[in-house]
Protein chains: 2
Amino acid sequence: MSDTRTRILDLANQLTQSRGFNGFSYLDLAAEIGIKNSSIHYHFKAKSDLALAMVDRHRETTAESFARLDHDIDDPRERLLSVVRYFEADLRDGKICLCGMMAAELQSVSEEVRRELALYFRKFQDWLSKQLSEMGYSDPPRAALQFLSALEGSLLLARLQGDVTVVGQALDGFVNG
Amino acid sequence: MSDTRTRILDLANQLTQSRGFNGFSYLDLAAEIGIKNSSIHYHFKAKSDLALAMVDRHRETTAESFARLDHDIDDPRERLLSVVRYFEADLRDGKICLCGMMAAELQSVSEEVRRELALYFRKFQDWLSKQLSEMGYSDPPRAALQFLSALEGSLLLARLQGDVTVVGQALDGFVNG
DNA sequence: GTCTATACAGCGATAGAC
DNA sequence: GTCTATCGCTGTATAGAC
């Protein structure tokens with residue numbers, strides 16, 4: 001895995017979070033990284049390959065982050081809070097959830113990417129469900145779906161209104177009292 | 001207001017809900033309607049004008065829909081249920097919330113459209129707040145924000161998973177028991 | 001109000017040299 | 001692994017005839 005490949009993935013990830021996957025071109029990536037667009041094609045033959053690699057990598061790093069939270073933090077409520085703070089930090093840079101963005105752009109991604117996205121959200125919901133179960137929720141999978149929906153929706157609203165606190169308000173019942 | 005203009009707005013609205021505002025072109029509109037793309041430009045000089053007209057119209061028709069619900073239905077919970085059913089119907093055609101979609105594509109719309117979007121969601125939240133107040137919620141504006149966030153997020157998840165019932169599950173606490 | 005014709009820019013993608 | 005050069009296509013937009 002070359003350094004250039006990683007830099008492409010990093011930049012594509014950021015741009016997708018802020019502008020959407022259809023909101024940037026290979027020329028944008030090339031200009032920012034300082035190479036030619038044909039070099040981007042060397043690493044990712046088609047843009048659909050870039051999409052797949054990006055979502056796949058994000059799904060894996062997210063799984064690692066969850067494992068680390070489970071290991072480092074005892075209180076499940078504090079784990080949830082940590083996740084919320086992560087999304088709030090991205091939000092301050094105008095970035096929303098990578099997979100939420102691509103779920104909005106669903107009609108322009110391949111079936112393979114759709115499956116990756118569905119898997120991402122299933123794993124996310126599973127992890128949330130575990131935390132909420134520890135917190136004593138009676139129907140953890142249901143509560144996890146509500147948490148996830150509120151998170152994704154509030155990111156859209158918070159960015160539009162330029163108010164990061166919207167996310168915390170939308171998830172109030174889960175991370176507080 | 002010519003009939004063609006209305007047909008353009010209707011079609012653009014549908015396509016934005018399913019593919020996103022950047023997911024269709026003037027040529028797409030022209031082909032479907034059966035005219036040439038230069039005729040689309042006659043009605044909407046630039047695509048940004050189309051975006052503004054579309055969101056503006058949607059905001060107005062939504063306000064009328066809310067007024068009609070207030071008049072026709074007595075139980076506030078039934079009013080909320082009616083709204084949910086409306087979004088579920090669109091979802092069966094692969095369509096999510098027009099303004100939610102454009103909120104995701106925020107970086108590619110004008111400041112004017114952003115203000116319209118923010119206004120749409122504020123009015124939506126205000127109306128929800130009124131219903132939830134009647135239903136006895138202690139902090140109606142907060143509950144309205146949670147409803148709205150859960151709705152927008154669940155639309156993304158429901159379409160991705162091909163399961164319309166996700167919306168109802170995400171809003172369970174509001175429209176049931 | 002719709003047409004033909006066209007300008008012009010940007011995009012994804014490829015061939016082949018180095 | 002990166003470059004130069006280029007192709008073909010699509011996009012938004014405009015001018016001017018009807």
Side-chain angles (χ1 to χ4, degrees), chain A residues 1-57 101-102 104-114, chain B residues 1-57 101-102 104-114:
Chain A
M1 169 104 59
S2 74
D3 183 53
T4 299
R5 185 187 158 92
T6 302
R7 283 164 68 199
I8 294 170
L9 283 174
D10 289 345
L11 182 56
N13 200 313
Q14 289 173 28
L15 289 174
T16 301
Q17 285 184 267
S18 55
R19 302 187 206 167
F21 186 71
N22 296 320
F24 67 92
S25 70
Y26 269 33
L27 286 168
D28 292 328
L29 298 175
E32 175 71 22
I33 294 177
I35 54 179
K36 298 297 173 181
N37 81 61
S38 54
S39 297
I40 312 282
H41 279 286
Y42 169 81
H43 294 281
F44 303 97
K45 198 168 186 338
K47 206 182 175 193
S48 57
D49 297 320
L50 173 59
L52 187 60
M54 188 175 59
V55 177
D56 190 55
R57 187 185 70 152
M101 179 65 93
M102 299 195 76
E105 298 178 293
L106 197 68
Q107 306 299 324
S108 59
V109 303
S110 69
E111 185 55 44
E112 234 178 338
V113 170
R114 293 185 195 193
Chain B
M1 169 106 59
S2 74
D3 184 54
T4 300
R5 186 187 158 93
T6 302
R7 283 164 70 198
I8 295 170
L9 283 173
D10 289 346
L11 182 57
N13 199 313
Q14 289 174 28
L15 289 173
T16 301
Q17 285 184 268
S18 55
R19 303 188 206 165
F21 186 71
N22 296 319
F24 68 90
S25 70
Y26 270 32
L27 287 168
D28 291 328
L29 298 175
E32 176 71 22
I33 294 177
I35 54 179
K36 298 297 173 179
N37 82 60
S38 54
S39 298
I40 311 283
H41 279 285
Y42 170 80
H43 294 281
F44 303 97
K45 196 167 188 339
K47 206 183 176 192
S48 56
D49 298 319
L50 174 59
L52 188 59
M54 189 174 60
V55 177
D56 191 54
R57 186 185 72 152
M101 179 65 92
M102 298 196 77
E105 297 177 295
L106 198 66
Q107 307 298 323
S108 59
V109 303
S110 69
E111 186 54 46
E112 234 178 337
V113 170
R114 292 184 196 193

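Each chain gets a letter, A, B and so on, in the order the sequences are listed, and its residues count up from 1.
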Determine: side-chain N/O of A:Thr4 to OP1/OP2 of D:dT2, distance under 4.0 Å, yes or no. yes

B:Gln17 versus B:Asn13: any side-chain heavy-atom pair under 4.5 Å? yes

Answer yes or no: is there a side-chain heavy-atom contact under 4.5 Å between A:Leu15 and B:Gln107? no

Might you point out which heavy atoms bring A:Ala53 and A:Phe44 nearest each other, and give the distance in Å? CB-CE2, 3.7 Å

Near-strand residues of residues 12-22 of chain A, defined as heavy-atom separation under 4.0 angstrom from DNA chain C: none

Taking any heavy-atom pair under 4.0 Å as a contact, classify B:Phe24: base, sugar-phosphate, or nothing. sugar-phosphate

Check for me whether B:Lys36 meets the cation-pi criterion with B:Tyr42, that is, NZ or CZ under 6.0 Å from the six-membered ring centre and within 45 degrees of the ring axis. no

Nearest-0.5 Å distance that lies between atom CZ in B:Arg5 and atom CD1 in B:Ile8: 8.5 Å

Do any side-chain nitrogens or oxygens of B:Lys45 fall under 4.0 Å of OP1 or OP2 in D:dT12? no

Rounded to the nearest Å, what distance is computed from the CG atom of residue B:Asp49 to the P atom of nucleotide D:dT12? 13 Å

Is any side-chain heavy atom of B:Val55 closer than 4.5 Å to a side-chain heavy atom of B:Val109? no

Please determine whether a side-chain nitrogen or oxygen atom of B:Ser25 lies at a distance below 4.0 Å from atom OP1 or OP2 of D:dG11. yes

Output for pair (A:Ile33 CD1, A:His43 NE2), nearest 0.5 Å, gives 8.5 Å

Considering all heavy atoms, the nearest A:Asn22-A:Glu105 contact: N-OE2, 3.1 Å

For DNA chain C, find the residues of residues 28-43 of chain A with a heavy-atom distance under 4.0 Å and give them by number; none if there aren't any. A:Asn37, A:Ser38, A:His41

Here the distance between atom C1' of C:dA9 and atom OH of A:Tyr26, to the nearest Å, is 21 Å

